[in-house]
Amino acid sequence: MRIAKFFVAIVALIFVVGSAYAYNGIIPRPVEFEKRNGVFTILTTTKITHSAELRSSAKYLAEYLPLEVQESNAAAKGNIVLKENKNLAAEAYTLEVGADGIVIEGGSNAGAFYGVETLLQLLPAKVYSKQIELPVMLGACRVADEPKFEYRGFMLDVSRTWIDVDGVKHYIENLAHHKINKLHLHLSDDEGWRIEIKSHPELTEVGGFRGPGSPVAARYGKWDERYGGFYTQEQMKDIIEFAAVRNIEIIPEIDLPGHSHNLARVRPEVLCNFTPDMESSFGYDTRSALCVSKEDNYKFLEEVFKELAELFPSQYVHIGGDEVVTSQWKKCPDCQALSKQKGMTSGAQLQEYFMNRLSEYIVSLGKVPCVWNEAINAGTLTKQAMVYGWESVEACRKATKAGYKTIVMPGTYFYFDMRQSAREPGHNWAAIFDASKILKFDLKEQGFTDDEIKNVAGIQASFFSELYISHLDDESDYLQYQTYPRICSLGELAWCGQGAEWNEFYLRLVNSHYSRMLEMGIDFRMMPPVLKYEDGKLSASTDDNSHMYYSVEGDDGVYPYVAPIKTDKPQMYVFHTELGGARSADVAVDAYYKMIEPKVKITSSIEESSNNPYSNAEGYRKTGRTSRAGKNGDWLLYEFDEPVECRRMYIGTGYSHLPRLLFNAGYVEVSDDGETFRKAGELYLGAAIIDEPEKPIKAVRIVCTEDGNGAENVIVQAPKVYPKL
């Protein structure tokens, strides 16, 4: 029996290694890859020759290979030749490496570009740093390839966290290396307006910034500084041109009619005709939805989208349509009058009235209007719109079944702002997943019928950046850590039309692609090391040739891991791996993460919410809420029935994973007897950590030192109490 199992394991290993070798480590895997005998040597005298229509791809290749570029239709011996072949589909290509040279044929410049991208993967990884030294030998082979999905997209939110021109370009460059061809830029939201509109300069001059000196309140951090930025139209033209060279189409999004808090703070006249109760937010108007009944709003938006249509060559313009707070329209007499006039009975119908009017204008500009999936809920949105299905697989199927061209991007597989494991940073409302899960997505297995699949226009992933701003000072780039190698999996799925078997794909990552990403300058996430504790020894292992390190609780040092550690307290150790700028998550044995739940009573100077009382947090399973925002001098008091002995206690306001709805500034006090308090530290992002308290803790008090938080309440978290190890 053991022999049989061993034989099966060996056969499986041979298959996996063989499959990885068959694709030569290329990501995404090509349709055909044939290894041939012989080599070609790229010399300093080698030329890149091209037909006239492929000049941009030839010049692009020369950015990585320092060779002379020459227009020529001749297949000159000893050169790299780029040709157009009209018999191929637009993004299809063939690549042949032989002893006499390299020939890339593309159905268009796009196809030739992808042939160039595959050629780069066949070269030493150093090529991605644009510092490769010649000569370089290349094994003979033939590749024939084309994508399954015409739309292979990624959405980048630059509204919540500002990303400058160079940052966007770097991101575009690496998307192109993974054969992604659409970049959907989320240019407006509640927190910022990022694209210059010359007819309305106030949108960026005012709405491009938040915090002190701006009518838009700070969010997610940087409470005490003016934060933000925007793209001028000239800068955006530069980004669009840079992307076009890399066969990436930039799709603009202005998110409407909800997610418009920033716009409403800059232009309050866009809001509904009623005065909201602002007592709990200290006079700050938190509304976020445009009034549907105001004709001036449509005139204003026509001016905005006319400029966008002229600026962006893309056939697509995204107009939003998600998470609209329709309750604001119920309080508006004008919106209610419109509803009555049009025979509408729901907020969804009002929303579709708005989206249809805006869609008609987008169509008149010669563009395709794009919307989030909620925009079709009333069943009346024009079929000229393309739907982005984010809420669920069911929402995607609903759109395709109704006849809409649909971009499939359910958050459970494609929201790369989600956590990659339970204890890493990120959101968790959709799912917790790493790069392996993305490869498992299959339209048929998800229940799509053949007719529904015909309406699937493509696959897209996204990164919403609420959390990015509070990680800007991280040693590794948080955006890159969250999205790579998940984008490698996205590229594989969207290009091939189906995912790969994870073990085979992982071998391509580790053996070939990790080194490429390092040269691309990507601070990607690696799989965490595997820990084992037995016979009094704690060992850690990894399979990606990275360097392992560990730290010890109570010791600020970080040490290289070289051999199993003899200890009777494995819970004292935390491990991670590093490789260049790449890093794994921290991991420890389960006992390290254990928490206790001492009985606690929470009181405050602020009245509690009737729907979310403080007792929720006292029970350690939910959060409580205050009835208003905090002001200078307000406090939250946590009183324990018995003094708590612990190594660490976390006390926080706001969401546990997101700095929002909190005390923007303040400090924490600790008491040993419940009566006398001493200051134990300042709040950071609404929370404080009390490390290694000298005595058992009887009570903790959080004191607010700043009025307001741009919202109407404060979330009260349960304490997190870690026992002594």
Side-chain angles (χ1 to χ4, degrees), residues 419 421-425 474-475 528-529 531-533 536-540 548-559 561 564-576 584-602 617-621 623 636-657 659 666-703 716-725:
R419 295 179 188 177
S421 69
R423 298 185 179 96
E424 289 182 78
D474 288 3
E475 189 173 334
L531 305 185
K532 182 189 292 185
Y533 181 67
K537 291 184 179 180
L538 178 61
S539 62
M548 281 193 288
Y549 298 89
Y550 71 93
S551 58
V552 185
E553 187 74 10
D555 182 343
D556 293 334
V558 177
Y559 308 98
Y561 172 80
I565 300 167
K566 188 174 182 180
T567 179
D568 60 355
K569 290 188 175 182
Q571 65 270 29
M572 299 286 288
Y573 297 84
V574 180
F575 296 80
H576 75 274
S584 77
D586 291 336
V587 291
V589 298
D590 289 344
Y592 175 83
Y593 301 105
K594 180 182 177 182
M595 287 187 282
I596 56 176
E597 298 178 354
K599 194 169 182 181
V600 64
K601 178 67 177 176
I602 302 174
E618 293 169 358
Y620 289 93
R621 296 295 177 268
T623 57
L636 283 163
L637 178 63
Y638 295 74
E639 295 177 287
F640 297 98
D641 275 17
E642 299 293 336
V644 178
E645 188 174 9
C646 62
R647 78 178 191 275
R648 181 176 300 122
M649 184 180 293
Y650 170 96
I651 298 288
T653 59
Y655 294 103
S656 61
H657 65 289
Y667 57 89
V668 62
E669 298 177 319
V670 176
S671 173
D672 309 326
D673 57 13
E675 297 180 4
T676 305
F677 287 81
R678 64 181 183 280
K679 189 173 180 180
E682 302 290 330
L683 295 186
Y684 175 71
L685 300 178
I689 296 175
I690 304 162
D691 251 330
E692 299 293 342
E694 296 177 2
K695 297 180 180 180
I697 296 174
K698 185 68 170 66
V700 177
R701 183 163 56 209
I702 301 178
V703 181
V716 178
Q717 293 184 35
K720 296 178 182 176
V721 186
Y722 297 85
K724 287 187 175 292
L725 296 174

Next item on the list: Measure the CG-SG distance between Leu725 and Cys646 for me, rounded to the nearest 0.5 Å.
Entry: 11.0 Å
Next item on the list: Could you tell me whether the side chain of Pro598 reaches within less than 4.5 Å of the side chain of Val721, counting heavy atoms only?
Entry: yes
Notebook entry, point to check: Should Val716 and Tyr638 count as side-chain neighbours, where that means a heavy-atom distance under 4.5 Å?
Noted result: yes
Note to self: Checking the side chain of Ser671 only, and the main-chain atoms of Lys698 only, is there a donor and an acceptor separated by less than 3.5 Å?
What the structure shows: no
Checklist line | Any donor-acceptor pair under 3.5 Å from Tyr533 side chain to Thr567 backbone | finding: yes
Checklist line | Nearest non-hydrogen partners of Ser656 and Lys720, listed with the distance | finding: CB-NZ, 4.2 Å
Next item on the list: For the residue pair Phe575 and Pro528, establish whether any side-chain heavy-atom pair is separated by less than 4.5 Å.
Entry: no
Checklist line | Exercise: identify the closest heavy-atom pair between Tyr620 and Ile596 | finding: CE2-O, 4.5 Å
Item checked: Pairwise distance CD1(Ile565) to CE(Met572) - rounded to 0.5 angstrom -> 11.5 Å
Item checked: Sole candidate of Lys599, Glu597, Lys601 that passes side chain to side chain contact (heavy atoms under 4.5 Å, CB included) when paired with Glu618 -> Lys601
Item checked: Approximate separation, where rounding is to 0.5 Å, of Ile651 CD1 and Ile602 CD1 -> 7.5 Å
Next item on the list: Taking atom NZ of Lys724 as the centre, report whether more than 12 heavy atoms of other residues, nucleotides or ligands fall under 6.0 Å from it.
Entry: yes
Margin query: Ring-plane angle category for Tyr559 and Tyr550, please: parallel below 30°, perpendicular beyond 60°, tilted otherwise.
Written below: tilted
Next item on the list: Taking side-chain hydrogen bond (donor to acceptor under 3.5 Å, both in side chains) as the test, write out the residues that go with Arg701, two or more places apart.
Entry: Glu669
Checklist line | Value rounded to 0.5 Å, distance of CG in Leu538 from NZ in Lys569 | finding: 14.5 Å
Next item on the list: Might you point out which heavy atoms bring Pro696 and Pro643 nearest each other, and give the distance in Å?
Entry: CB-CB, 3.6 Å
Next item on the list: Keeping to residues at least two apart or across chains, list the salt bridge (Lys or Arg N to Asp or Glu O under 4.0 Å) pairs with something in residues 638-647.
Entry: Glu553-Arg647
Please table the atom pairs, donor to acceptor, closer than 3.5 Å between any side-chain atom in residues 674-683 and protein atoms at least two apart or in another chain.
from	atom 1	to	atom 2	distance (Å)
Arg678	NH1	Asp672	OD1	3.2
Arg678	NH1	Asp672	OD2	3.1
Lys679	NZ	Glu682	OE2	2.6

Check: At what distance, to the nearest 0.5 angstrom, does OH of Tyr592 lie from OH of Tyr573?
Finding: 13.0 Å
Check: Does any N or O in the side chain of Gln571 come within less than 3.5 Å of the main-chain N or O of Val589, such that one atom is a donor and the other an acceptor?
Finding: no
Next item on the list: Indicate the atoms forming the closest heavy-atom contact of His576 with Val558, along with that distance.
Entry: CE1-CG1, 4.2 Å
Item checked: Donor-acceptor pair, side chain of Tyr593 and main chain of Ala588, under 3.5 angstrom -> yes
Next item on the list: Nearest 0.5 Å please: distance from the CG atom of Asp673 over to the CD1 atom of Ile697.
Entry: 12.5 Å
